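Worksheet for the structure shown next.
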Amino acid sequence: MGYDFKNIEKKWQAHWAKNQTFKAENHSEKPKFYVLDMFPYPSGAGLHVGHPLGYIASDIYSRYKRHKGFNVLHPQGYDSFGLPAEQYAIQTGQHPAKTTQENINRYREQLDQMGFSFDWSREVRTSEPDFYKWTQWIFLLLFDHYYCKTTDRARPIAHLVERFEKEGNRAIDAVCDTTTPQFSVGEWNAFSSEKKQELLLNYRLAYLSESEVNWCADLGTVLANDEIINGVSERGGYPVTKKKMRQWSMRIGAYAERLLQGLERIDWPESLKEMQRNWIGKSIGAKVFFQIEGHDKKIEVFTTRPDTIFGVTFMTLAPELELVQEITHSDHKEAVDAYIEETQKRTQRERMADVKNSTGVFTGGYVLHPFTQERIPIWIGDYVLADYGTGAVMAVPCGDQRDYDFAKHFDIPIKNIFKDVSIEEEAFTDKGTAVIDHSDFLTGLSYKEAMKTVIDQLEKQGSGEGTINYRLRDAIFSRQRYWGEPIPIYYKNKLPQPLELKHLPLNLPDVEKYLPTPEGAPPLGNAESWAWDTQEEKVVDNKLIDNKTIFPLELNTMPGWAGSSWYFYRYMDAQNTENFVGKDAVNYWKEVDLYLGGIEHATGHLLYSRFWQKFLFDLNLLPVEEYAKKLINQGMILGTSAFIYRKPGTQTYISKDKLEDVEQFEPIRVDVNLVNSADELDLTGVRKWQPQFEKADFKLSNGVFKVGREVEKMSKSKYNVVNPDEICEQYGADTLRMYEMFLGPIEQAKPWNTAGISGVHNFLKKYWRLFFNDDELVVHDQEPSKQELKILHETIKKITIDIENFSFNTCISALMICVNELTSLKTHSKSILSPLTLLLSPFAPHLASEVWSVLGNESTIDYVDFPIANEAYLVEDTKTYPVSFNGKMRFTLELSLDLDNVAIQEAVLQDSRSAEYLGGKTPKKWIIVPNKIINIVF
RNA sequence: GCUCGAGUGGUGGAAUUGGUAGACACGUUGGACUUAAAAUCCAAUGACCAUUGCGGUCGUGCGGGUUCAAGUCCCGCCUCGAGUACCA
């Protein structure tokens with residue numbers, strides 16, 4: 001019979017479910033520990049072997065922490081709003097809620113069969129009204145707050161209005177749109193209420209504005225910067241163009257500095273922090289104002305090199321700037337307009353593709369140099385981005401390669417302001433060695449000195465100031481989608497009006513069609529009941545809209561990252577109907593102690609959630625400013641795709657090992673499940689799999705057909721998905737869990753490959769045989785030998801250290817060594833096997849639970865204290881000590897100890913090279929003071 | 001281009017952070033048990049030379065350096081991976 005994993009696993013999973021073994025309490029004498037997984041999007045393909053990697057790791061740690069006496073919160077839920085369900089709905093007409101529910105059921109089944117210790121009583125789903133009620137509420141809070149730079153925190157918009165009424169906006173240091181006009185108290189009070197509302201949008205943290213957005217026509221929606229990879233949409237790879245639209249945005253830029261500073265305080269992978277730092281992109285420089293000739297306006301530029309200001313020979317504006325129209329001379333208008341039109345047509349990808357070619361036109365306008373009053377021509381060019389800095393640059397061709405290329409291309413003069421440097425071939429960009437020349441009061445200064453001097457001078461004459469700029473852009477928050485959180489806003493005279501908390505949730509309405517309306521409005525435009533009755537305070541039929549008491553509701557929905565930006569707090573108090581999370585619960589759990597998830601969320605979810613955290617912290621709704629103390633990125637498990645090679649234009653396929661020139665053949669993917677571990681294709685299977693192969697001619701080699709292999713991301717469309725189900729069926733969940741951990745370090749990406757799974761499975765069988773010989777229990781109560789105790793305690797020590805370091809692969813090696821040694825010693829002593837079973841418990845919980853109960857323990861293993869290594873058992877008969885000699889060198893000695901007397905019997909110099917250094921002499925006597933040799937006598 | 005990370009047997013990967021490189025596992029080879037297979041167990045397994053014995057030489061991407069001692073530290077390259085990309 002042996003190790004019957006099927007029955008064991010079924011039995012314990014049922015036990016845990018029935019007894020709610022892993023239900024966490026919000027009050028406990030024990031110290032708390034919160035282990036969080038990034039919750040999955042329930043896709044139609046089900047879980048593949050890559051998903052559980054992080055879940056297994058977090059589960060091991062959670063179980064370990066329970067054994068260590070912590071009150072562990074380890075919840076799970078679903079990020080259940082999203083694009084695939086909606087696209088499926090468009091194709092089939094099925095309501096996304098239905099397919100989402102089906103997918104969740106399947107996910108749950110798969111998760112359950114792996115024996116995770118989740119507290120399912122706290123499950124959350126972002127698409128449930130009970131949950132998105134609070135997402136909508138947070139949106140309303142963001143709408144109702146602005147960022148005060150003086151106190152460096154978010155404050156109520158009402159407070160801002162109060163100040164406007166007293167002092168206008170000149171002296172108020174608040175984060176706002178760059179286009180915000182200045183107004184006095186009198187002006188403010190004289191504004192109409194509409195005008196006031198319009199102006200306040202410039203300050204709100206969730207705001208509506210006309211802005212350039214990334215429009216993806218194929219998906220029919222706008223995308224955030226992090227949803228675009230290499231100029232095409234992350235999902236589907238469709239082209240993206242710039243388009244002006246009135247959209248909701250989040251003023252994340254207000255938190256740029258705090259998001260940057262906060263990274264110093266959290267234990268997250270350095271590479272991830274670096275990505276966030278780059279994404280935030282802090283640069284220190286100066287604003288400089290250039291007076292436009294014959295105009296009362298000034299052009300404001302941002303530069304990181306104000307020290308090169310005397311090298312300016314032209315100005316370049318982004319073509320999208322409104323100012324361009326004002327400064328363009330009539331005789332250049334035609335060329336300018338043509339150029340603007342052309343750039344707008346180009347997709348982001350096309351623009352990126354020809355970075356090398358400078359394009360642009362002269363506007364006919366000039367600005368005046370702030371120090372020399374020289375006339376400087378104004379150009380426009382699409383190498384200048386409208387949404388970075390001020391959308392205008394002072395071009396210094398001698399000190400910036402792009403300006404240099406532009407100047408060369410259009411034959412604009414280049415002024416050299418660097419001492420002893422040639423700029424014949426390229427610009428000189430090295431700040432470190434630069435000495436400024438031909439620059440009036442800056443001549444002879446280094447970069448550092450010149451920076452300070454010029455900024456002082458600019459500030460003195462009011463034509464500029466030192467400033468800091470961030471690359472981080474405000475995040476577009478509107479999506480033209482159906483399957484997302486409705487934005488709780490209605491429109492009165494085209495101005496957004498918030499609903500109130502008591503009106504939430506604003507439920508997602510039913511629609512006939514999930515596509516945009518014929519007029520191009522988002523899918524919610526298809527809803528019949530989507531108007532707000534301000535008297536009745538409820539959603540009513542669109543037909544009733546009179547714009548007096550009944551108004552249209554917002555048609556856009558929120559992006560995928562809305563719900564995931566705060567879900568981890570909901571787990572603390574998932575049932576709370578009064579609050580997004582109860583005060584007691586949040587004060588008890590405080591923050592996530594360990595967060596596990598993929599690095600792909602570095603500049604998306606993991607940045608947005610930190611932003612919301614800081615905002616909610618400012619409002620005293622949350623106790624900490626960073627929500628995840630420690631974060632680990634598990635590496636992706638990759639698929640190994642299989643290819644067969646077709647002779648072009650035929651139905652003839654050639655076995656891989658007979659191919660002479662792979663280039664001559666078309667590679668075609670086949671399902672990896674039809675290929676065995678020797679890369680041989682199951683021909684009968686493949687003929688049945690797809691009709692195109694039914695009558696195909698397969699040219700074998702030595703009686704078999706070999707496929708080619710390539711490692712890539714695991715995905716349904718690449719036919720390389722391996723489901724955990726079959727592995728569980730064949731080897732059991734414990735084997736799967738241990739094998740995934742045994743593959744290598746968790747942070748590392750690796751291709752899936754079942755070749756070594758038998759090793760782990762054999763280990764579990766071997767473990768079983770320590771307890772059973774056939775079906776007879778062979779465990780006895782005899783005292784263990786010194787040797788057995790030593791093996792056990794070495795293993796305890798190693799496992800404890802390695803679990804704490806998340807080095808689970810080496811834990812498993814240690815367990816294997818231990819079991820091998822105990823097997824060869826024929827150990828069946830209960831006092832060895834009991835603690836050993838505890839060590840195994842986090843990794844193979846089913847098997848550990850089973851043998852634990854077989855040993856006659858009343859309680860289950862889950863909360864039993866983890867064993868502690870006893871140093872007394874670790875004294876070795878030979879021990880290696882590092883020692884110092886002459887206070888300078890280090891070498892190692894091996895000492896033989898008599899265990900009973902703890903006396904040194906013999907010492908052997910271990911390293912021959914060290915012996916050589918000692919003159920080839922063998923020491924006669926070692927003088928030893930507490931484990932350290934301090935003198936050697938020859 | 002810039003930023004970060006990684007290169008160790010046939011394979012996945014260890015190496016107490018400067019101290020016997022290759023733990024553990026897969027694979028391969030040989031053996032035991034068996035009518036046979038499966039399962040299990042034992043042995044060998046970095047390369048080369050020697051193998052009648054001991055053993056010896058070379059080995060952590062490449063080239064230098066520091067050190068009694070380098071996979072580990074320093075300098076210069078090469079290759080691969082990830083992120084980002086006209087950021088002024």
Side-chain angles (χ1 to χ4, degrees), chain A residues 2 225 229-231 269-279 281-283 285 301-306 308 316 318 348 351-352 354-359 381-385 387-396 399-403 405-406 429 469-473 599-600 602-603 633 635-636 677 711 738-739 742-745 747-751 753-763 765-766 769 797-798 801 807 809-818 820 823-824 880-883 885-886 888-894 910-919:
Chain A
N225 286 332
I229 309 287
N230 291 326
E270 201 45 51
S271 61
L272 192 154
K273 291 205 231 177
E274 195 60 29
M275 279 168 72
Q276 291 207 345
R277 281 188 203 110
N278 290 339
W279 191 261
K282 180 177 184 173
S283 43
V301 303
F302 171 74
T303 176
T304 52
R305 297 294 304 273
T308 63
T316 317
Q348 206 159 333
R351 255 171 96 155
M352 279 163 60
D354 62 7
V355 165
K356 281 159 208 85
N357 301 327
S358 300
T359 66
D382 71 359
Y383 80 95
V384 178
L385 305 175
D387 51 2
Y388 180 74
T390 59
V393 305
M394 57 172 230
V396 183
D400 183 287
Q401 193 58 42
R402 288 152 306 160
D403 297 344
D405 294 340
F406 195 87
T429 54
N469 205 32
Y470 299 92
R471 202 186 76 119
L472 183 69
R473 320 273 161 89
I599 191 138
E600 64 272 22
T603 53
N633 291 123
M636 207 186 305
S677 55
V711 172
M738 293 195 87
Y739 183 60
F742 191 60
L743 275 173
E747 303 92 339
Q748 197 172 299
K750 53 221 151 216
N753 157 11
T754 48
I757 201 164
S758 62
V760 169
H761 193 62
N762 284 343
F763 159 76
K765 286 197 279 191
K766 230 172 179 175
R769 286 199 300 270
K797 192 172 181 184
K798 173 108 179 104
I801 293 169
S807 176
N809 54 333
T810 54
C811 284
I812 293 168
S813 294
L815 284 168
M816 285 175 172
I817 294 168
C818 181
N820 282 345
T823 301
S824 59
T880 303
Y881 295 106
V883 291
F885 178 63
N886 279 353
K888 198 175 153 199
M889 77 194 100
R890 286 164 54 80
F891 51 93
T892 312
L893 296 164
E894 207 169 85
Q910 199 183 44
D911 191 322
S912 61
R913 283 166 296 191
S914 306
E916 207 171 288
Y917 183 73
L918 292 171

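Below, read A as the first sequence line, B as the second, and so on, with proteins coming before strands; counting in each chain starts at 1. This is a predicted model, so every value here is computed, not measured. Side chains included, hydrogens not; waters and symmetry mates left out as well; all remaining heavy atoms used.
Per the geometry, CZ belonging to A:F742 stands 16 Å off P belonging to B:U11, to the nearest Å. The CG atom of A:L472 sits 12 Å away from the C1' atom of B:C87 (whole-angstrom rounding). If you measure from atom CD1 of A:I599 to atom P of B:A82, you get 12 Å, rounded to the nearest angstrom. Note: NZ (A:K750) to P (B:A82) measures 16 Å, nearest angstrom. Remark: P of B:G13 and CD1 of A:I757 are 16 Å apart, rounded to the nearest angstrom. Here the P atom of nucleotide B:U16 and the CD1 atom of A:I817 are 14 Å apart, to the nearest Å. Going from atom CG of A:D400 over to atom C1' of B:C87 covers 11 Å, rounded to whole Å. Atom P of nucleotide B:G12 and atom CE of A:M816 are separated by 17 Å, given to the nearest angstrom.
Heavy atoms of A:V384 sit under 4.0 angstrom from at least one base atom. A:N809 comes within 4.0 angstrom of the backbone, heavy atoms only, and of no base. Within the nucleic acid shown, A:K766 comes within 4.0 Å of sugar-phosphate atoms alone, with no base atom in reach, counting heavy atoms only. Among the atoms of the strands shown, none is found under 4.0 Å from any heavy atom of A:Q401. At the heavy-atom level, A:R769 lies under 4.0 Å from the strands shown only through sugar-phosphate atoms. Among the protein residues, A:D403 comes within range of no part of the nucleic acid, since none of its heavy atoms lies under 4.0 Å from any strand. Using a 4.0 Å heavy-atom cutoff across all strands shown, A:P745 reaches sugar-phosphate atoms only and no base atom. Residue contacts shown for A:N753 are absent, as no nucleic acid heavy atom lies under 4.0 Å away.
Heavy atoms only, all atoms of each residue included: A:N809 and A:P745 are closest at ND2-N, 3.7 Å. Summarising the geometry of A:T429 relative to A:D400, their closest heavy-atom pair is CG2-CA, 4.3 Å, with the distance given to 0.1 Å. When every heavy atom of A:Y383 is checked against every heavy atom of A:A395, the shortest pair comes out as OH-CB, 4.3 Å.
Separating the P atom of B:G7 from that of B:G71 is a span of 14 Å, rounded to the nearest Å. B:U72 and B:A21: their C1' atoms are spaced 11 Å apart (whole Å). B:G22 sits 11 Å from B:G59 when the C1' atoms are compared, rounded to a whole Å. Taking atom P on both B:G65 and B:G27, the two are 44 Å apart, rounded to the nearest angstrom.
With both pairing distances under 3.5 Å, B:C62 is matched to B:G76 as a Watson-Crick or G-U wobble pair. Pairing of B:G18, defined by two Watson-Crick or G-U wobble distances under 3.5 Å, is not identified with any nucleotide. Using N1 to N3 plus N6-O4 or O6-N4 for Watson-Crick, or N1-O2 and O6-N3 for G-U wobble, each under 3.5 Å, B:G81 pairs with B:C4. With a cut-off of 3.5 Å on both pairing distances, B:A70 has no Watson-Crick or G-U wobble partner at all. Here B:G27 sits opposite B:U45 as a Watson-Crick or G-U wobble pair (both hydrogen-bonding atom distances under 3.5 Å). Nucleotide B:A39 forms a pair with no other nucleotide shown, judged by Watson-Crick or G-U wobble geometry with both contacts under 3.5 Å.
Counting only distance, with no hydrogens or angles, the side chain of A:N278 and the backbone of A:G281 share no donor-acceptor pair below 3.5 Å. Between the side chain of A:N762 and the main chain of A:S758, a donor-acceptor pair closer than 3.5 Å is present. Judged by distance alone, the side chain of A:R473 and the main-chain N or O of A:R471 form a donor-acceptor pair under 3.5 Å.
Within the model, atoms NE2 of A:H761 and CD1 of A:I757 stand 8.5 Å from one another, a figure rounded to the nearest 0.5 Å.
With no hydrogens or angles considered, no side-chain donor-acceptor pair links A:T810 and A:S813 at under 3.5 Å.
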Using a cut-off of under 3.5 Å, enumerate the N/O to N/O pairs linking the protein to nucleotides 3-9 of chain B.
from, atom 1, to, atom 2, distance (Å)
B:U3, O2', A:E274, OE2, 3.4

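Contact annotation: the side chain of A:I599 never approaches that of A:E747 to less than 4.5 Å [non-hydrogen atoms, C-beta and beyond].
Here B:A88 is the nucleotide among B:A88, B:C26, B:U40 with the atom lying nearest to any side-chain atom of A:T304. For A:D382, the side-chain atoms get nearest to B:C86 when compared with the rest of B:C86, B:C87, B:A39. Closest approach to the A:T810 side chain among B:U40, B:C24, B:A15 is made by B:A15 (side chain taken as heavy atoms from C-beta onward). The A:Q748 side chain lies nearest to B:G13 when the options are B:G13, B:A39, B:A88.
Checking A:R305 against A:G756, the closest nucleotide of RNA chain B that is more toward the 5' end is the one next to A:G756. Nearest-nucleotide positions on RNA chain B for A:L743 and A:L385 put A:L743 closer to the 5' end.
Between A:S283 and B:A88 there is a side-chain polar atom (N or O) within less than 4.0 angstrom of OP1 or OP2. For the OP1/OP2 pair of B:C87 and a distance below 4.0 Å, the side-chain nitrogens and oxygens of A:R402 include at least one atom meeting the criterion. Taking only side-chain nitrogens and oxygens, A:Y388 comes nearer than 4.0 Å to OP1 or OP2 of B:A88.
Applying the 90° criterion around 0 to the glycosidic angle, B:U79 comes out anti. Base orientation at B:G30 is anti, since its O4'-C1' glycosidic dihedral falls outside 90° of 0.
Ring pair A:Y388/A:F302 is perpendicular by interplanar angle, where above 60° counts as perpendicular and below 30° as parallel.
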